[in-house]
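Below: the structure, in structure tokens.
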Amino acid sequence: MDEFRYRYNAKLANDIERKWQEKWLRDGTFHAANPAGDLVGADGEHAGDKQPFFVMDMFPYPSGAGLHVGHPLGYIATDVIGRFQRMQGKNVLHALGYDAFGLPAEQYAMQTGEHPRDTTESNIKTMREQLKRLGLAHDERRSFATIDPSYVKWTQWIFLQLFNSYYDETYAKENGDIGSARPISELVEKYESSTLTLPEPYASDNNLGGKTWQNLTAKEQSDVLMLSRLAYISESPVNWAPGLGTVLANEEVTADGLSERGSFPVFKKELRQWSMRITEYAKRLTDGLDTIDWPEKIKTMQRNWIGESLGTSIKFCVLAPYEYDDPNDANTVPQVGEIEVYTTRADTLFGATFFAVAPDHEILTNVQDGRRQSIADYQAQAGKKSAVEKMQGEKTGVFSGLYALNPVTDMMLPIYAADYVLSDYGTGAIMAVPGGDQRDFDFAKKYDIDIIYTVSPAEGLGEIEGNAAYTGDGVVINSKSEHLDLNGLDVETAKNKMNEWLTSRQIGEVQTNYRLRDWLFSRQRYWGEPFPIVYDDEGVVHALPETLLPVELPDVPDYKPRTFDSDDADSAPETPLSRNKEWLETDLDLGDGVKHYRRDANTMPNWAGSCWYYLRYLDPNETEHVVDPKNDEYWLSPFHNETAGEAGGVDLYVGGQEHAVLHLLYARFWHMVLYDLGHVKSKEPFHKLFNQGYIEAYAYKDARGAYVPADEIMVVNVLGQRENRYSWNDVEVFEEYGKMGKSLKNAVTPDEMYEQYGADTFRLYEMSMGPLDISRPWNTRSVIGAERFLQRLWRNVIDENTGELLVKDTEPDAETLKAMHKTIHYVTVEMREMRPNTAIAKLIGLNNHITKLDVIPKKVAENLVLMLSPFAPHISEELWSRLGHEKSLAHENFPTYDAKYLVEDEIESVVQINGKIRAKLSVSPNITDDELEKKAFESTKVQEQIDGFEVVKVIVRAPKIISIVVKEKVQDW
RNA sequence: GCGCAUGUGGUGAAAUGGUAGACACGCUAGGUUUAGGUCCUAGUGCUGGUUAACAGCGUGGGGGUUCAAGUCCCUUCAUGCGCACCA
């Protein structure tokens with residue numbers, strides 16, 4: 001049994017791994033030096049004069065379920081890249097914190113009946129242990145959780161920054177749309193000095209105490225400011241999910257009107273809630289995408305969500321004819337108001353044949369008495385419809401009796417209330433052009449309204465006419481009146497001409513619209529950050545001063561949310577925090593003596609904590625600033641290293657693509673506000689974003705649909721059938737492919753991998769499975785390949801029986817030297833391009849090469865170990881130390897290659913004849929085209945092939961290829 | 001419905017328009033081991049051919065550009081993802 005005492009196997013791997021993990025921790029090997037504050041390194045403010053490199057994973061959420069092998073994929077990838085960058089001489093910052101507030105933690109706590117803080121903290125502990133065994137090169141001093149009071153303090157502080165700011169459009173314009181969030185005190189000054197008139201209704205309503213700021217009551221002043229604050233309370237229609245017992249942001253509601261979490265029905269309900277004025281940043285959130293290095297797909301998703309569109313806002317006179325009026329003579333009909341619409345196709349105004357407004361549009365208050373009932377009925381009916389019904393059902397509407405006057409044709413167009421028009425987009429009203437819009441077309445068909453086509457494709461409308469709208473490009477037709485003639489123009493030109501006409505008459509204005517809505521920010525949940533906000537007895541809103549932060553969660557008798565029947569649209573939210581009256585009602589001194597206040601009983605959504613955690617990694621213990629300006633500048637400012645862009649930000653952010661429009665949009669918004677207010681120097685939080693794929697797995701179901709353990713499946717290959725069949729306990733089962741999970745009985749845990757193979761093998765296998773951004777199936781059976789590689793490398797360096805060092809300090813032979821330099825070259829390129837799978841293949845190739853040598857030169861072994869170390873750091877450290885090095889290799893330079901060794905003496909050149917490879921020649925890489933051609937035609941094989949044919953063409957690409965085109969000789973008898 | 005991505009051996013996958021299948025799993029044969037496993041060596045896209053030489057075919061299907069296409073273009077099918085009354 002003493003044989004192979006020193007063989008690299010799971011047991012030895014585990015010993016080595018624990019040893020090095022402890023040593024790294026003890027030595028602070030992966031501590032990243034800050035230029036300022038408590039984490040400055042030995043080199044002080046210069047942080048070693050090294051270029052910074054900040055690599056980051058998406059915040060893990062410590063659920064109680066435990067990890068499977070899919071979870072660490074991204075963490076391993078960032079670790080590999082971080083270690084590689086460190087070996088490129090960078091000061092690498094890599095740490096991991098925990099996102100710990102939010103619904104899943106709360107739900108898990110409810111299942112177990114324990115307090116969310118206890119379950120969350122124990123989950124974090126478990127997850128830390130599981131991840132620790134991976135040997136991730138994290139700076140553990142920089143870890144934290146969003147529930148830590150020292151973290152909550154700054155989350156609340158940022159909230160107050162938003163609360164105490166407003167968006168100043170004039171300032172934005174004068175400063176190139178940058179620096180537009182300004183302190184609310186500047187707005188107060190403007191109102192005080194009457195530089196700015198008060199908003200309606202305050203400006204014109206003398207009953208409210210006059211038109212000046214000074215004679216508004218404190219409550220009124222508070223209400224006025226609330227209209228401008230970036231974090232504000234308003235009474236507005238919000239997404240209420242009775243089954244969840246909380247309101248939700250638009251981003252958390254799916255297209256078919258269900259909550260993203262739990263799939264509960266969501267209803268629009270008028271409620272007083274907190275929102276974030278993200279819409280003010282719509283343009284910058286869109287434009288900023290051009291300055292960052294993100295996957296196009298994610299950028300597209302954000303662009304779509306923000307939904308920028310360039311169009312025209314047009315005002316129309318609204319007429320309400322009585323029965324005795326002549327509806328054809330606009331002059332005789334009384335005007336009751338104006339209606340404004342938004343369109344991206346102003347060129348089609350000649351084709352507008354009716355108007356449609358959202359059922360709750362205010363113009364409908366002008367309908368005549370006889371119509372009121374039918375409008376009210378329709379409004380009630382529309383309110384009950386679910387999103388799906390609206391979308392899939394036939395379009396409906398009801399005529400209002402009102403007409404809009406088309407300014408370009410002087411025609412009176414009937415106005416319908418129709419629920420296919422959304423009240424919260426544009427102006428909630430449209431000019432309907434059935435000839436140019438399929439939705440309007442469907443409606444016009446149903447209600448028998450005229451259809452006028454204003455654009456015709458070059459080949460004519462043909463079958464389209466009367467059957468569908470035409471939305472494509474073409475020539476403008478039917479667009480001429482005494483005011484304007486667009487006929488014959490192309491769409492773009494016609495649009496411009498129409499816009500000019502509308503603008504000159506001051507009835508239209510070119511306008512950019514956004515689909516993005518403000519971000520609903522309050523939740524009726526227990527497990528979240530409390531708002532640092534109190535209300536006095538007059539209802540005036542007060543921000544707590546920084547000295548009173550953090551506001552910690554109180555204990556409540558019951559932290560469960562009050563939920564309702566999921567279809568009970570009439571229910572109203574009740575917050576768990578309101579159950580603790582002692583906490584809720586409080587006496588505070590906010591600077592003008594102790595007074596009674598009531599706290600805000602909502603909590604923040606869990607996005608709050610994940611909106612700024614990257615800043616906390618920079619300065620985890622900072623108490624004076626959200627982040628020390630020096631540290632922020634060093635790590636994040638524009639052009640802080642050779643790959644950082646004009647916007648600055650985290651150098652590499654790796655995570656799944658599921659956060660495309662939630663976390664990633666919110667975080668960008670907060671960052672822009674912090675930038676405007678001067679707290680950070682980067683314009684965007686994340687410079688490069690990379691979406692890793694997922695590890696998936698096969699799962700097996702029996703005939704009843706129950707999952708059976710995937711690792712106990714027998715594969716049955718029936719002879720003559722292409723597809724495999726599967727059985728479990730002699731019962732046929734059926735394969736499906738998808739996620740890995742406990743409930744699917746196909747989960748494999750990292751712990752099993754550590755035990756069977758060790759962390760290095762596990763890491764190496766995950767990195768070699770395939771490209772990082774592609775999802776791939778887990779296959780435990782294949783892991784052995786990674787272990788064999790490490791074992792062979794170990795055996796090349798260490799005698800398995802004696803433990804002696806086998807390498808010798810000899811010069812490598814020419815071939816080995818070449819192989820080594822080529823490997824270094826290739827691996828360096830692949831690491832930069834984030835292709836670990838091919839880099840590993842080349843490392844295996846080099847190891848296979850040296851395995852065949854009698855004596856392994858030390859230099860080659862060392863370089864191989866260094867290159868391997870980002871993937872398998874423990875075995876690499878062990879070999880490195882056995883090779884005679886005292887210091888950790890973590891800060892060694894990555895091997896460099898000498899270009900002279902990349903050149904081959906002889907290479908194989910291919911001769912193609914009519915596209916087929918017919919001969920291979922061994923030639924010098926420096927061979928000229930002429931020489932290669934000559935050599936090719938001298939080859940007997942080539943001569944055999946072209947004998948009897950006429951050479952038509954020869955293409956030579958020395959030294960790799962020569963292509964000869966021949967055709968049959970025309971025999972001239 | 002619209003948009004995007006992806007289709008390569010038995011499997012995971014490689015291939016700046018220039019030798020398709022690197023590397024690995026699996027499989028086959030041989031060797032070491034007094035069992036199995038480990039480990040070592042060789043082979044392994046498919047078809048034909050004697051196990052050889054060699055030939056033909058081959059990157060979802062069809063068509064095109066090119067001396068040359070997995071790669072570029074058109075078209076079509078399948079799968080996945082995203083969006084979906086946004087005027």
Side-chain angles (χ1 to χ4, degrees), chain A residues 3-4 7 9 254-256 295-298 300-301 303-305 307-309 311-312 341-345 348 356 387 390-393 395 418-422 424-433 436-440 442-443 471 513-517 657-658 660-661 715 717 722 724 737-738 764-765 768-771 773-789 791-792 795 800 826 835 837-845 847-848 851-852 907-917 919-920 952-957 960-966:
Chain A
E3 226 174 11
F4 304 138
R7 168 165 288 182
N9 54 24
T254 62
D256 42 0
E296 262 324 303
K297 184 174 176 167
I298 303 290
T300 306
M301 283 166 74
R303 281 198 192 97
N304 288 344
W305 186 260
E308 183 177 271
S309 82
T312 316
V341 304
Y342 173 76
T343 176
T344 54
R345 292 294 302 273
T348 62
K390 275 193 194 177
M391 223 153 51
Q392 292 172 350
K395 297 206 176 355
D419 64 4
Y420 80 95
V421 178
L422 307 173
D424 62 353
Y425 182 77
T427 60
I430 59 163
M431 61 175 220
V433 184
D437 184 291
Q438 192 57 43
R439 296 155 298 178
D440 299 345
D442 296 341
F443 192 90
T471 55
N513 249 9
Y514 296 92
R515 200 184 82 109
L516 185 70
R517 304 290 85 183
Q657 60 151 60
E658 69 272 16
V661 287
V715 179
N717 194 299
R722 214 183 145 69
N724 287 333
Y737 179 65
L764 191 68
Y765 173 64
S768 66
M769 286 169 84
D773 50 352
I774 306 290
S775 294
R776 67 298 304 262
W778 175 263
N779 191 349
T780 300
R781 203 168 61 163
S782 297
V783 180
I784 189 77
E787 186 185 53
R788 281 184 198 147
F789 165 47
Q791 210 169 53
R792 279 179 199 140
R795 191 156 45 228
E800 289 188 326
Y826 194 93
R835 284 195 293 260
N837 53 327
T838 49
I840 291 168
K842 294 296 166 184
L843 293 177
I844 294 173
N847 190 51
N848 288 349
T851 302
K852 297 187 177 81
I907 68 161
E908 201 170 45
S909 190
V910 174
V911 185
Q912 288 186 357
I913 295 171
N914 282 357
K916 287 197 186 303
I917 295 149
K920 291 175 183 180
V952 181
K953 195 173 182 181
V954 180
I955 293 119
V956 192
R957 293 281 179 275
K960 286 194 83 172
I961 208 154
I962 166 164
S963 187
I964 302 169
V965 187
V966 298

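Side chains included, hydrogens not; waters and symmetry mates left out as well; all remaining heavy atoms used. Note on naming: letters A, B, ... go to the chains in the order of the sequence lines (proteins, then strands), and numbering restarts at 1 for each one.
Ring pair Tyr765(A)/Trp778(A) is perpendicular by interplanar angle, where above 60° counts as perpendicular and below 30° as parallel.
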Close N/O contacts between protein and nucleotides 60-66 of chain B (under 3.5 Å):
none

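Using a 4.0 Å heavy-atom distance criterion, Gln791(A) is classed as a sugar-phosphate-only contact. Residue-level contact check: Val433(A) touches neither bases nor backbone, having no heavy atom under 4.0 Å from any strand. Residue Arg957(A) is classed as a base contact, given a heavy-atom separation below 4.0 Å to a base.
Nucleotides rA55(B) and rG1(B) have their P atoms positioned 49 Å apart, rounded to a whole Å.
Scored by the side-chain contact (heavy atoms from CB on, under 4.5 Å) test, Lys960(A) finds no partners at all (sequence neighbours excluded). By the side-chain contact (heavy atoms from CB on, under 4.5 Å) test, Asn848(A) pairs with Arg792(A), Ile844(A), sequence neighbours left out. Remark: Asn513(A) engages Gln511(A) in a side chain to side chain donor-acceptor pair (under 3.5 Å) (not counting sequence neighbours). Arg795(A) pairs by the side chain to side chain donor-acceptor pair (under 3.5 Å) definition with Glu800(A), not counting sequence neighbours. Not counting sequence neighbours, Ser775(A) has no partner by the side chain to side chain donor-acceptor pair (under 3.5 Å) test. When the side-chain contact (heavy atoms from CB on, under 4.5 Å) test is applied to Tyr826(A), the partners found at least two apart in sequence or on another chain are Glu830(A), Thr838(A), Lys842(A). Partners of Asn837(A) by side-chain contact (heavy atoms from CB on, under 4.5 Å), not counting sequence neighbours, listed by chain and number: Pro771(A), Arg835(A).
Partner assigned to rA68(B) is none, using Watson-Crick or G-U wobble distances below 3.5 angstrom.
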| remark: Going 5' to 3' through nucleotides 19-30 of chain B and flagging B where a protein heavy-atom sits under 4.0 Å of the base, S where only the sugar-phosphate is that close, and - otherwise, we get BS-BSSSS----
